[in-house]
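Here the structure comes first, spelled out in structure tokens, and everything after it is commentary.
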Amino acid sequence: MRSDPSEFELVAPASLQAALLLLKNEADGWLPIAGGTDLMVQYAAGALRARKLVSIARLPELRRIEALPSEIQIGAGATYTDLRRHPAIAQEFPMLARAANWTGSIANQNRGTLGGNIVNASPAGDSLPALLAYGAELILVSVRGERRTAYRTFHTGYKKMQLASDELIRAICVPRRFAGYLQHTRKVGTRNAQAVSKIAIAALARVEQGVVQDVRIALGSVAPVPVRLTETERMLAGQSLDASLIALAGHAAAGEVRPIDDIRSTARYRSAVVRNLVVEFLERLREPPRTQAAGSETFAQWNAMSQGEAESKIMACCGSRAWARAMAARRPLRDEAALLAASDQIWAGVSEADWLEAFRAHPRIGEKKAEQSAPKQAAAWSAQEQRNALAADVKIALTEANREYERRFGRIFIVCATGKTGGEILAILRQRLQNDDATELREAAEQQRQITQLRLRKWLQG
Ligand SMILES: Cc1cc2nc3c(=O)[nH]c(=O)nc-3n(C[C@H](O)[C@H](O)[C@H](O)COP(=O)(O)OP(=O)(O)OC[C@H]3O[C@@H](n4cnc5c(N)ncnc54)[C@H](O)[C@@H]3O)c2cc1C
């Protein structure tokens, strides 16, 4: 049943203190709303029980991201876009940056907040395993003052948490102590973006001369709350990583969780995936990842090139000359995190004309040739990215929808096709035809951003 808007009241206090007073004076009366991406779904379904909503979306006190010497304090109202664009988060906390990347669509990322993800308390919340693995702490605030609590003890059961009705999460604190750790995250779902995860892992470890010095493994979607694999971690600490230890640890991990059967997967499937994910992480620890080894060679060559050569080399990843020029000017860049963060920052700052130039370097979905000549490598990547989109049964429908899109927006349709089937791409195309011009341009730019990130990673792999 749909909600009747006249039954609802929404206020937007100008300060955090005013919001807290409201929550204090009428506890249980007012419900905080941040980005609204969870609450508005409940509202639309007629399932929102609260009738009085206090908006905390614009409170500057909740939006700040502060890089202190020992930790990063992320305001609970920081959006996924804020997280993705923050250079220190991209560099030091890539598991959180990736989770922000995976969450929903660009519209979700612009509105949805980290605090909202924590309080929504879905076992499948994408940011939660990363927060658990990093040992994050929460600062909770009410008119009574502030208290600080470990995220690990915050969720106590399915949708249950230690948060009083007059309290807000003010900030999430992540310790800056993971330099030298290999960080690994993976979401197993129908696909990464716009899909609820079946299982997600966020794990990091420091290994010296083959011996595990410290290891932290967190999983989402295997229990009512995200879990740390403490027994498996204990088994690994101080040990030499060899094939038999990895096999034992995979087995231990699968035994340590008691996954659930639900509409998305069976418990048996989840146990097998847990073992595979842990083994994959440990294998990466044993052999320095190819991307890092190959990447260092690619960086060394690219950093040594002339400005012009470096621009044309990197244009295979994104066809905007302004972007390529600014990327080349940022050299020397030395690791993947720095490269990806620089790319995002530069892309967000270039003009619309530059975005359009990058779009023209792609072939139409389902076709081979781009409107403007693209580097050979870019054409090969386009073919790979579209591999799944070329099934004959959707090709005709895609051609027609592409034409309609071009009539409507005057340019080709851009989508990050990697991992999507032709049918999914067609559905996205039809949905995006409903967008107004400005929204669609931003959506296309976001898709190009994702394509560029994937291509930069491939480029590093050589
Ligand atoms: C189409 C779609 C796709 C999505 N995809 C994903 C996905 O891929 N991965 C994923 O994890 N989630 C996903 N979500 C869920 C949602 O976007 C996230 O959970 C988001 O982080 C919620 O944040 P919000 O600010 O919008 O929360 P809101 O809807 O505003 O609030 C959610 C809850 O948090 C409370 N709250 C918010 N901020 C605070 C605070 N500072 N202190 C105390 N309480 C607070 C609210 O009272 C409410 O109970 C998706 C949602 C939609 C609609």
Side-chain angles (χ1 to χ4, degrees), residues 10 12-13 16 19-20 22-23 27-45 47-64 73-84 95-96 98-131 138-142 146-147 149 151 154-155 159-172 185 187-200 202 220-221 226 264 428 431:
L10 175 69
L16 177 61
L20 293 174
L22 211 54
L23 292 174
D28 297 328
W30 293 91
L31 182 70
I33 178 167
T37 59
D38 282 317
L39 290 181
M40 292 315 285
V41 172
Q42 294 173 29
Y43 169 83
L48 183 57
R49 268 187 283 158
R51 289 292 183 265
K52 301 201 303 189
L53 300 172
V54 49
S55 173
I56 54 171
R58 291 184 195 280
L59 297 178
E61 298 95 324
L62 297 186
R63 196 76 192 258
R64 273 193 292 268
Q73 286 197 359
I74 304 169
T79 64
Y80 295 107
T81 304
D82 295 336
L83 294 180
R84 259 188 21 226
M95 301 195 298
L96 198 52
R98 282 192 88 186
N101 237 320
W102 285 334
T103 300
S105 63
I106 182 171
N108 275 90
Q109 293 175 8
N110 285 342
R111 288 205 64 90
T113 64
L114 188 55
N117 202 229
I118 296 170
V119 177
N120 181 47
S122 159
D126 273 324
S127 66
L128 308 181
L131 294 181
L138 308 180
I139 297 179
L140 308 177
V141 64
S142 70
E146 287 195 345
R147 66 187 177 105
T149 184
Y151 167 65
F154 182 73
H155 286 134
K159 300 259 176 191
K160 291 200 183 118
M161 65 207 85
Q162 298 196 325
L163 181 73
S165 56
D166 65 346
E167 270 181 324
L168 290 174
I169 302 182
R170 181 177 70 72
I172 297 95
T185 184
K187 167 172 171 175
V188 177
T190 322
R191 53 183 186 263
N192 278 346
Q194 298 265 47
V196 178
S197 78
K198 294 179 178 179
I199 295 192
S221 291
R264 286 188 289 278
I428 294 170
Q431 192 189 13

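For the numbers below, each heavy atom of this structure counts, side chains included, while hydrogens, waters and symmetry mates do not. Order of appearance sets the numbers: ligands from 1, and atoms from 1 within every ligand. Predicted, not measured: the structure shown is a model, and the values here were computed from it.
- Residue contacts with ligand 1 for Ile56 involve side-chain atoms from C-beta outward but no N, CA, C or O (heavy atoms, distance under 4.0 Å).
- Below 4.0 Å from some heavy atom of Ile33 lie the following atoms of ligand 1, by number and element: 30 (O).
- Taking a 6.0 Å sphere around CZ of Arg63, one finds it holds more than 12 heavy atoms contributed by other residues, nucleotides or ligands.
- Contacts between Thr113 and ligand 1, counted as non-hydrogen atom pairs separated by less than 4.0 Å, involve both the backbone and the side chain.
- Under 4.0 Å from ligand 1, the heavy atoms of Tyr80 that appear belong solely to its side chain.
- Residue Gly35 has at least one heavy-atom neighbour below 4.0 Å for each of these atoms of ligand 1: 24 (P), 25 (O), 26 (O), 30 (O).
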Worked verdict on Asp82 versus Ile74 for side-chain contact (heavy atoms from CB on, under 4.5 Å): CA-CA 10 Å; Asp82 295 336; Ile74 304 169; over 6 Å; no
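- Which parts of ligand 1 touch Leu168 is read off a 4.0 Å heavy-atom cut-off, strictly below it: atoms 42 (N), 43 (C).
- Heavy atoms from other residues, nucleotides or ligands lying under 6.0 Å from NZ of Lys160 number 12 at most.
- For ligand 1 and Val41, the ligand atoms under 4.0 Å from any heavy atom of the residue are 53 (C).
- Within the 3.5 Å criterion, the main-chain N or O of Ala164 finds a donor-acceptor partner in the side chain of Glu167.
- The aromatic rings of His155 and Tyr151 stand perpendicular to each other, their planes meeting at an angle above 60°, with 30° marking the opposite boundary.
- Residue contacts with ligand 1, taken as heavy atom pairs separated by less than 4.0 Å, do not involve Lys159 at all.
- Residue-to-ligand polar distances keep Gly125 apart from ligand 1: every N/O pair is separated by 3.5 Å or more.
- The shell of residues lying under 4.0 angstrom from ligand 1, judged by heavy atoms, excludes Met161.
- Every N/O-N/O distance between Val119 and ligand 1 stays at or above 3.5 Å.
- Residues Ser55 and Leu10 form a side-chain contact, since some pair of their non-hydrogen atoms from C-beta on lies under 4.5 Å apart.
- When heavy-atom distances to ligand 1 are checked against a 4.0 Å cut-off, Thr37 comes that close through both its backbone and its side chain.
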CA sep, side-chain torsions, deciding dist, call: Ile33, Val54, side-chain contact (heavy atoms from CB on, under 4.5 Å): CA-CA 6 Å; Ile33 178 167; Val54 49; over 6 Å; no
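- Distances from atom 28 (P) of ligand 1 to the heavy atoms of Gly116, Gly104, Gly36, Ala100 put Gly36 nearest.
- Counted within 6.0 Å of CZ on Arg58, heavy atoms from surrounding residues, nucleotides or ligands total 12 or fewer; the atom is thus considered open.
- Polar contact with ligand 1: present for Ala34 (N/O pair, distance under 3.5 Å).
- Checking Thr103, Asn110, Asn101, Asn108 one by one against Thr81, the side chain to side chain donor-acceptor pair (under 3.5 Å) holds for a single residue, Asn110.
- Of all the atoms in ligand 1, the ones that sit under 4.0 Å from a non-hydrogen atom of Leu31 are 47 (O).
- Under the 4.5 Å side-chain criterion, counting only non-hydrogen atoms from C-beta, Ile118 is in contact with Leu138.
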Verdict with reasoning, Arg170 to Glu61, per salt bridge (charged side-chain N to carboxylate O under 4.0 Å, His left out): CA-CA 8 Å; Arg170 181 177 70 72; Glu61 298 95 324; over 6 Å; no
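- For the pair Ser127 and ligand 1, the shortest N or O to N or O distance does not fall below 3.5 Å.
- Side-chain contact between Thr113 and Tyr80 is absent, with no heavy-atom pair separated by less than 4.5 Å.
- Near Ala76, meaning under 4.0 Å from any of its heavy atoms, are these atoms of ligand 1: 41 (N).
- Taking a cut-off of under 4.0 Å to the non-hydrogen atoms of Lys187, the atoms of ligand 1 that pass are 8 (O).
- The backbone and the side chain of Thr103 each have at least one atom closer than 4.0 Å to an atom of ligand 1 (non-hydrogen atoms only).
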Leu53 vs Leu48, side-chain contact (heavy atoms from CB on, under 4.5 Å): CA-CA, chis, key distance, verdict: CA-CA 10 Å; Leu53 300 172; Leu48 183 57; 4.2 Å; yes
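- Taking any N or O of Gly115, backbone or side chain, none lies under 3.5 Å from an N or O belonging to ligand 1.
- Remark: ligand 1 atoms within the under-4.0 Å shell around heavy atoms of Trp102 are 8 (O).
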